[in-house]
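Working notes, beginning with the structure itself.
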Amino acid sequence: MGHAKKVVLAYSGGVDTSVCIPYLKQESGVEQVITLAVDLGQGDELEPVREKALKSGASESLVVDVKDNFIKDYAFPAIQANALYEQRYPLGTALARPLIAKVLVETAAKYGADAIAHGCTGKGNDQVRFDVSIAALNPDLKILAPAREWGMSREETIAYGERFSIPVPVKKSSPYSIDKNLLGRSIEAGILEDPTVEPPEEIYEMTKAIADTPNEAEYVDIGFTGGIPTSLNGNAKNPVQLIEELNQLVGNHGVGRIDMIENRLVGIKSREIYESPAMLVLIQAHRDLESLSLPADVTHYKRGIQETYSQIVYNGLWYSPLKGALDAFIQQTQERVTGRVTVKLFKGNATIVGRDSQYSLYTPDLATYGADDKFDHKAAEGFIYVWGLPTRIWAQH
Ligand code: ARG
């Protein structure tokens with residue numbers, strides 16, 4: 001294989017990814033490091049990040065805004081799949097990685113790089129998501145993961161960086177490990193590593209404490225077209241706008257926090273805190289609209305594959321053939337998932353209180369207990385005779 005000469009590095013501006021720049025050049029014989037910072041709505045100023053990469057020795061420093069792409073092509077399909085890993089985590093971090101990998105691979109092609117690098121450690125899911133996604137998109141690219149092999153402690157990493165004039169973090173860095181984008185935040189480490197301890201209020205940014213939420217309920221109407229959220233309270237929204245506004249609205253009522261013990265792909269159990277207000281409410285509303293507009297068998301069958309879908313996404317297999325096949329099934333089911341769902345937000349709860357669809361399969365004169373009931377009660381007898389036949393025969397022996 002030989003040494004990689006030109007590398008595209010996934011860059012966040014933090015100490016670890018900054019130290020990767022001199023490390024790749026000194027220890028891995030790389031000649032040119034091109035950094036790529038991807039804007040997924042994490043809210044960081046990216047111009048300083050761009051300059052920091054150049055100061056740290058990058059030959060080229062790129063920033064790309066992929067927010068629209070992220071919501072349309074990664075978050076919305078996950079909503080259509082009602083994807084919740086282990087029934088709870090709406091996959092905010094897991095959905096971002098395949099998109100970052102895609103932009104890295106495209107950038108490598110554009111700049112004639114022969115390798116891609118990232119700053120993931122060897123303990124997490126993100127390294128798997130990057131490595132597998134990159135390989136799926138271009139199996140010829142080398143992958144370098146300096147932080148997986150260098151074995152430096154935090155102090156050693158900082159000291160290594162100082163030798164190459166990478167500034168020491170000014171403020172005492174947060175005890176938490178945080179990943180953030182438009183879909184939410186993941187907070188790990190520090191005191192949170194003790195699963196018996198309640199998370200301190202300071203870790204939350206997108207969701208209010210119940211004590212600080214409004215004392216009056218607020219209602220929001222979410223409109224869906226073909227399983228995709230397209231409006232809030234009757235006003236059409238573009239994808240990024242919709243997520244941003246809903247995060248605000250829902251988080252304001254203290255909805256969207258998750259505290260869970262999670263099974264990582266690498267075999268470790270970890271205590272994870274998330275806040276993901278918009279995604280949680282969108283999945284809840286979408287699932288409700290499906291109950292109205294999909295036949296029973298399709299609904300039930302789809303529920304059965306959702307668990308698999310979430311595992312595939314969590315486990316880094318976004319670009320796998322099984323994922324593609326499940327997508328095709330899911331897309332086929334979404335055609336009539338059009339309508340609106342009314343969500344009531346109050347004191348940490350999001351409750352669906354109404355739903356409506358032009359494709360509603362709910363039939364009032366079949367469902368009613370009133371006088372205009374059109375259901376043929378006598379037909380039930382023959383149906384039950386046949387339906388219960390195997391059970392009756394079994395009981396006779
Ligand atoms: N446990 C979550 C996941 O695997 C969050 C990971 C956060 N990543 C990070 N680099 N801080 O999707």
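All residue numbers in this chain count up from 1 along the given sequence.
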Item to complete: List the steps and the verdict of side chain to side chain contact (heavy atoms under 4.5 Å, CB included) for Glu193 and Arg271.
Response: CA-CA 6 Å; Glu193 285 177 4; Arg271 200 277 184 93; over 6 Å; no
Practice prompt. Have a look at Asp221 and tell me which of Asn235, Asn233, Thr342 forms a side chain to side chain donor-acceptor pair (under 3.5 Å) with it.
Written response: Thr342
Discussion item. Are the side chains of Ile79 and Met279 in contact, using a 4.5 Å heavy-atom criterion?
Written reply: yes
Discussion item. If you define the side chain from C-beta out and look only at heavy atoms, does anything of Gln26 sit under 4.5 Å from Phe164?
Written reply: yes
Worksheet entry | Cluster overlap Tyr301 with Leu84, hydrophobic side-chain contacts below 4.5 Å | yes
Worksheet item: Are the side chain of Arg88 and the backbone of Met260 linked by a donor-acceptor contact shorter than 3.5 Å?
Response: no
Worksheet item: If you measure from CE on Met206 to CG on Asn247, what distance do you get to the nearest 0.5 Å?
Response: 3.5 Å
Worksheet item: Is there a donor-acceptor pair closer than 3.5 Å between any side-chain N or O of Asn181 and the backbone N or O of Leu183?
Response: yes
Discussion item. Any heavy-atom pair between the side chains of Ile143 and Phe130 that's under 4.5 Å?
Written reply: no
Discussion item. Working to the nearest 0.5 angstrom, can you tell me the gap between Glu51 CD and Ser56 OG?
Written reply: 11.5 Å
Practice prompt. Find out if a path of hydrophobic residues (ILVMFWY) with successive side-chain heavy-atom gaps under 4.5 Å connects Tyr204 to Ile191.
Written response: yes
Item to complete: For atom CD of Glu47, decide whether the heavy atoms of other residues, nucleotides or ligands shown that lie under 6.0 angstrom number more than 12.
Response: yes
Worksheet, complete the sentence: Nearest heavy-atom approach of Leu322 to Thr308 is CD2-CG2, 4.3 Å
Fill in: Verdict with reasoning, Leu182 to Leu40, per side chain to side chain contact (heavy atoms under 4.5 Å, CB included)
CA-CA 6 Å; Leu182 274 175; Leu40 296 156; over 6 Å; no
Worksheet item: Just checking, is any N or O donor in the side chain of Asn82 or Glu290 under 3.5 Å from an acceptor N or O on the other one?
Response: yes
Discussion item. Other members of the hydrophobic cluster containing Val33, with the 4.5 Å side-chain heavy-atom rule, please.
Written reply: Val7, Leu9, Tyr11, Ile21, Leu24, Val30, Leu46, Val49, Val63, Leu144
Item to complete: Give, for atom CD of Gln241 and atom CG of Leu232, the distance between the pair rounded to the nearest 0.5 Å.
Response: 9.0 Å
Practice prompt. Report yes if some heavy atom in the side chain of Arg97 is under 4.5 Å from a heavy atom in the side chain of Asn125; otherwise report no.
Written response: no
Discussion item. Side chains of Tyr160 and Glu27: any donor to acceptor distance under 3.5 Å?
Written reply: yes
Worksheet entry | Within-4.5 Å side-chain heavy-atom neighbours: Lys67 and Ile71 | no
Discussion item. Using side chain to side chain contact (heavy atoms under 4.5 Å, CB included), reason through Arg154 and Asp16 one step at a time and then give a plain yes or no.
Written reply: CA-CA 9 Å; Arg154 176 115 188 126; Asp16 292 288; 3.5 Å; yes
Discussion item. Under 4.5 Å between side-chain heavy atoms, counting indirect links through other Ile/Leu/Val/Met/Phe/Trp/Tyr residues: same cluster for Ile283 and Phe329 or not?
Written reply: yes
Worksheet item: Would you say the side chain of Cys20 lies within less than 4.5 Å of the side chain of Trp150, judging by non-hydrogen atoms?
Response: yes
Worksheet item: Between Lys6 and Glu60, is a salt bridge (charged side-chain N to carboxylate O under 4.0 Å, His left out) present by the stated rule, with each step listed?
Response: CA-CA 11 Å; Lys6 208 192 237 191; Glu60 191 105 37; over 6 Å; no
Worksheet item: Would you call Lys123-Glu188 a salt bridge at under 4.0 Å N-O?
Response: no
Worksheet entry | salt bridge (charged side-chain N to carboxylate O under 4.0 Å, His left out) evaluation trace for Glu31 with Lys5 | CA-CA 5 Å; Glu31 288 163 19; Lys5 290 198 168 56; 5.1 Å; no
Item to complete: Would you confirm whether His253, through its side chain, and Asn349, through its main-chain N or O, come within 3.5 Å as a donor-acceptor pair?
Response: no
Discussion item. Can you pull out every salt bridge (charged side-chain N to carboxylate O under 4.0 Å, His left out) where at least one residue sits in residues 100-120? Sequence neighbours excluded, please.
Written reply: Lys102-Glu106, Asp114-Lys142
Discussion item. I'd like to know if the side chain of Glu262 pairs up with that of Tyr274 as donor and acceptor (distance under 3.5 Å, no hydrogens or angles considered).
Written reply: yes
Fill in: pair Ile166-Lys55: side-chain heavy atoms closer than 4.5 Å
no
Item to complete: Specify the closest pair of heavy atoms between Ile261 and Pro195, including all atoms of both residues, with the distance to one decimal.
Response: CD1-CB, 3.8 Å
Worksheet item: Rounded to the nearest 0.5 Å, how far does CD of Glu335 lie from CD of Gln332?
Response: 7.0 Å
Response to the item:
Closest heavy-atom pair, Gln306 versus Ala81, reported as atoms and distance to 0.1 Å, is CG-O, 2.8 Å
Worksheet item: Between Glu218 (side chain) and Leu345 (backbone), is there a donor-acceptor pair under 3.5 Å?
Response: no
Worksheet entry | Expected output: side-chain Lys374 to main-chain Asp365 donor-acceptor under 3.5 Å | no
Worksheet item: Do the side chain of Lys302 and the main chain of Leu294 share a donor and acceptor less than 3.5 angstrom apart?
Response: no
Discussion item. Donor-acceptor check, side chain of Thr207 to backbone of Val255, threshold 3.5 angstrom: yes or no?
Written reply: no
Practice prompt. Could you check Leu242 against Thr230 for side chain to side chain contact (heavy atoms under 4.5 Å, CB included), going step by step and ending with a plain yes or no?
Written response: CA-CA 7 Å; Leu242 186 135; Thr230 46; 5.6 Å; no
Practice prompt. Answer with yes or no whether the side chains of Thr351 and Lys344 bring together a donor and an acceptor at under 3.5 Å.
Written response: no
Item to complete: Would you please classify the geometry between the Tyr89 ring and the Tyr85 ring as parallel, tilted or perpendicular, with 30° and 60° separating the classes?
Response: perpendicular
Worksheet, complete the sentence: In short, Tyr176 meets Pro200 closest at the heavy-atom pair OH-CG, 3.4 Å
Worksheet item: Other than Trp394, what residues sit in its cluster of Ile, Leu, Val, Met, Phe, Trp and Tyr side chains whose heavy atoms are under 4.5 Å apart, directly or through others?
Response: none
Worksheet entry | Asp327, Val132, Leu95, Leu99 screened by side-chain contact (heavy atoms from CB on, under 4.5 Å) with Trp318, the one that passes | Leu95
Worksheet, complete the sentence: Scanning both residues in full, the closest heavy-atom pair of Asn215 with Phe346 reads O-CE1, 3.4 Å
Worksheet item: Does the salt bridge (charged side-chain N to carboxylate O under 4.0 Å, His left out) test come out yes or no for Glu156 and Arg163, once each step is laid out?
Response: CA-CA 11 Å; Glu156 288 163 345; Arg163 283 173 39 209; over 6 Å; no
Worksheet item: Heavy atoms, side chains only, cut-off 4.5 Å: are Ile330 and Gln80 in contact?
Response: yes
Worksheet entry | Nearest atoms (heavy-atom pairs only) where Thr93 meets Arg129 | CG2-NH1, 3.8 Å
Fill in: Same cluster (ILVMFWY, side-chain, under 4.5 Å), Leu361 and Val298
no
Worksheet item: Under 6.0 Å from the CD atom of Glu216, do we count more than 12 heavy atoms belonging to anything else shown?
Response: no
Item to complete: Working to the nearest 0.5 Å, report the span between CZ of Arg287 and OG1 of Thr299.
Response: 12.0 Å
Discussion item. Under a 3.5 Å cutoff, is there a donor and acceptor pairing between the side chains of Ser357 and Ser293?
Written reply: no
Worksheet item: Are Val353 and Val281 linked, directly or through other ILVMFWY residues, by side chains that come within less than 4.5 angstrom of each other?
Response: no
Worksheet item: Roughly how far apart are Ser310 OG and Gln87 CD, rounded to 0.5 Å?
Response: 7.5 Å
